[in-house]
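Read the numbers this way: they start at 1 and go in the same order the structure lists the ligands and their atoms.
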Amino acid sequence: MSIRAAVMTAPGAAIEVWTLDDPVLEPGGVLLETVASEVCGTDVHLHHGRLAGVPYPIIPGHVSVGRIAESRGVDRDALGARISVGDVVTFYDVAETCNACWHCLVARQPNRCPSRRVYGITYSVHDGLLGGWAEAIHLRPGVRILRIPEDLDADDVIGGGCGLFTGFAAVDRSDMAMGDVVLIQGSGPVGLAAAAFAGLRGAARVLMIGAPAARLELARVLGVDAVWDVTRTTEEERAEEIRARTGGRGPDVVIEAAGNPAAVPEGLRLVREGGRYVIAGHYTDVGEATFNPHTELNRKHVEVRGQWGTDFHHVVRALALFARHRDRMPLRRIVGGRYGLDEAGRALADVEALRVTKALILP
Ligand SMILES: [Zn+2]
Ligand SMILES: [Zn+2]
């Protein structure tokens, strides 16, 4: 038997479909028949070579949902729930965190562990079926499998996808207080999820700057109170209107999920004095930004935090909250297109051109 996979061979190169050998499952390994994987902004950036240390050729696709096709002795998910062949599950895409190094044990920041690897990003196709744009995914021993919560289905989970978890992590990282006004920069999957979670965490109001219009309409559905189309307003216009809605002070918390360096100085200018700014949209290197450290940071007494990736607890807690509030989080509506393996290149192009907010790969 052989398995087809869409392979990103090098930055800028066309996506190719390769036929790979069936993996040999080791004890503790699980083979998933892929139900759906996603194309997110990170995949677009990987295709432009904007992340260091990516071992091309890779099988992209980090957050995925699959049906257990084969298991060598794994009968519980990461939280102890029973799983068996035929069940549809998802998994935490980060693997091999060592729990033995300085970052893991002393700083207690496993997201900075040097051993950490990510499915669909930092594994080469030569390492195996370790990405979601393939007919099957090999979950190596220790990969944290999660049953999909009862109140959710595969479409919800993949509709939320990595943006769901990153958006959750960004709000978590902001330590926002109930009653805060929160501004989200960016209306992609991360920004939309962050907006929804900021509302659930008790924001008095959620504001958003983004584009295009269809995403901003979805933001309204997710509970965003006011939106500004970044392509139809100037920074001055936005600043004036946002200040007018925040007693002249600016938002208490700003979360950057735009992935555009220009958003960062704007966010620093908008956040209120003594406010907090979380940067979560620069997972890849898209360039530099300049700001005035006196007027926009020191004198403003602003706190800036970066959020690198997600930890396992973010994934578990995000899914639990999503399951509880599924009715007000129609994230499956983010999905704009479904593509086969042979169409993965077109899916990437459509995401890059903002023709779809999220594309799914259905191998
Ligand atoms: Zn470590
Ligand atoms: Zn992603």
Backbone or side-chain N/O/S of His103 under 2.8 Å of the Zn ion (ligand 1): no
Angle, SG of Cys104 through the Zn ion (ligand 1) to SG of Cys101 - 10° precision: 110°
Joint hydrophobic cluster, Tyr119 plus Ile3, side-chain heavy atoms closer than 4.5 Å: no
Lys/Arg-Asp/Glu bridge criterion (N-O < 4.0 Å) met for Arg272, Asp180: no
His62, N/O/S atom nearest the Zn ion (ligand 2): NE2
Short side-chain donor-acceptor distance under 3.5 Å, Glu96 and Tyr123: yes
Residues Glu352 and His48: side-chain donor-acceptor under 3.5 angstrom: yes
